[in-house]
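Chain letters run A, B, ... following the sequence lines, proteins first and then strands; every chain starts at 1. Bear in mind that the values here come from a model prediction, so they are computed numbers and not experimental data.
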Amino acid sequence: MDKWVFGISMTVVGMGGTLLTLWILSLFTVILKKAFPPVEESPSAGKSEGGRAK
Amino acid sequence: MIESILAGLSGLGAGFVYLATQGLPNVIMMLVGGALLYLAIKKDVEPLLLVPIGFGCLLVNIPLGDLMEQGGILRSFYDIGIITELFPLLIFVGIGAMTDFAPLLENPKILLLGAAGQFGIFLTLLLALALGFSQLESVCIGIIGACDGPTAIYVTTQYAPHLLGAVSVAAYSYMSLVPIIQPPIMRLLTTQREKTIRMAMVQGTISKTTKILFPILVTLVTGLIAPKGLPLMGMIMLGNFLKESGVVTRLTSASENEIANVVTLFLGLAIGGTMEGHAFLKMQTLAIFGLGLVAICLDTVAGVLFGKLMCFLSGGKINPLIGAAGISAYPMAARVVQHQGHLYDKKNYLLMHAMGANTGGQIGSVMAAAIMLSVLKGMGLV
């Protein structure tokens, strides 16, 4: 493959893909925040971490 | 009898003979190792990495020690942790455990700054191609712009292991020089008015459920889009998930302390072990250092320019300075933004917004690497 074809393809797909993926993530994050809004959480008793792994 | 004594003596001091006859590159690299140690100890430049790298560099350049030959201690670290990609991935678990995505979750569109901050990777890739590096070498050099040591090591080990020493030292050195590299670019690209934009305070309105589900969401989405990067993204999100779950504090603590510290030591020694004089001292090493600097500068330029665009589109609500934090040098880049904003308006507190952009940059840098790896696979080059 010609190096410039490679370079420009990588730049377009790489940069475009990164922007697109993070944009998608930002949309999902907004949905997540709306689906799980902060609520008043009562202080819970201390949770145990389980026994030491054998 | 005399011959056997003389034969025995010839085994001593052979190192001096080697240095005197063909060891000039080794001497130079011992000085380089000393310089790295000086920077780490006296100037506090990334000491956690540069101390073991510098010492490893010293060790491997002492002739005839065979530390990087089969069975040598540095070779063992290299084979166990670098070739297998184990060390950078374990460090990523620790990094995820130390990262707080809450500022990012408060304002998710800041993730786009984390994407813009990776532009330098791809422009540097093109420059490296122009300078005559091969396609895979150019990818590894461009990844210095990710400002992320483990990512750079992960990619370079797979596709250009002969460049590992140069790429790693460049990546870690420039990360620590962010407070010097970024401010002039930030000042040049922003107007006085833009520098003093105050952003709305971060409200602290993220539920625990959101914080727990976020790393799972990121892993799923990014893993499906760019599967070749799943080890990287999966490990950093694992670390964050351990932290946010709140029920495995021992594992979280071990990830960010014992595991990260031990692995950092062995990783640094192994990288130092690749810096043997005859292999390291080439014109291409200088070119790599130059291109690495260009990558970080271009990242900053792209981040600030994208910040200006977001400022315009938001009607002036976003301070473009936070765009400079869209790189993976966490939390240093965020502190640089806070400092720069403070210089022009003592009552301007940009830190939490910059932290959001900085953590977005962490995700962006790993995503950029993941996409490059997947594209290479798609093109049939690997």
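If you measure heavy-atom distances from B:Ile371 to chain A, the contacts under 4.5 Å come from the side chain alone. No part of B:Ala369 comes within reach of chain A, as not one of its non-hydrogen atoms sits under 4.5 angstrom from that chain. Contact annotation for A:Leu22: both backbone and side-chain heavy atoms come within less than 4.5 Å of a heavy atom of chain B. Proximity to chain A is limited to the side chain of B:Ile225, based on heavy atoms less than 4.5 angstrom apart. For B:Val221, the part lying near chain A is the side chain, with the backbone staying farther off; criterion is any non-hydrogen pair under 4.5 Å. There is no contact between B:Ile121 and chain A, counting heavy-atom distances below 4.5 Å. Contacts between B:Leu125 and chain A at a heavy-atom distance below 4.5 Å involve the side chain alone, from C-beta outward.
A heavy-atom distance below 4.5 Å is not found between the side chains of B:Lys317 and B:Met199. Looking at heavy atoms from C-beta onward, A:Leu32 lies in side-chain contact with B:Leu217 at the 4.5 angstrom threshold. Between A:Lys34 and A:Ile31 the shortest side-chain heavy-atom distance does not fall below 4.5 Å. Side-chain contact between B:Asp100 and B:Pro103 is present, with heavy atoms from C-beta onward closer than 4.5 Å.
Here the closest non-hydrogen pair linking B:Ala146 and B:Ser328 is O-CB, 3.1 Å.
Interface summary for chain A: among B:Ala130, B:Ala370, B:Gly114, B:Ser138, the most heavy-atom pairs under 4.5 angstrom belong to B:Ala130.
Annotation: the span from B:Ile212 atom CD1 to B:Phe241 atom CZ amounts to 6.5 Å, rounded to 0.5 Å.
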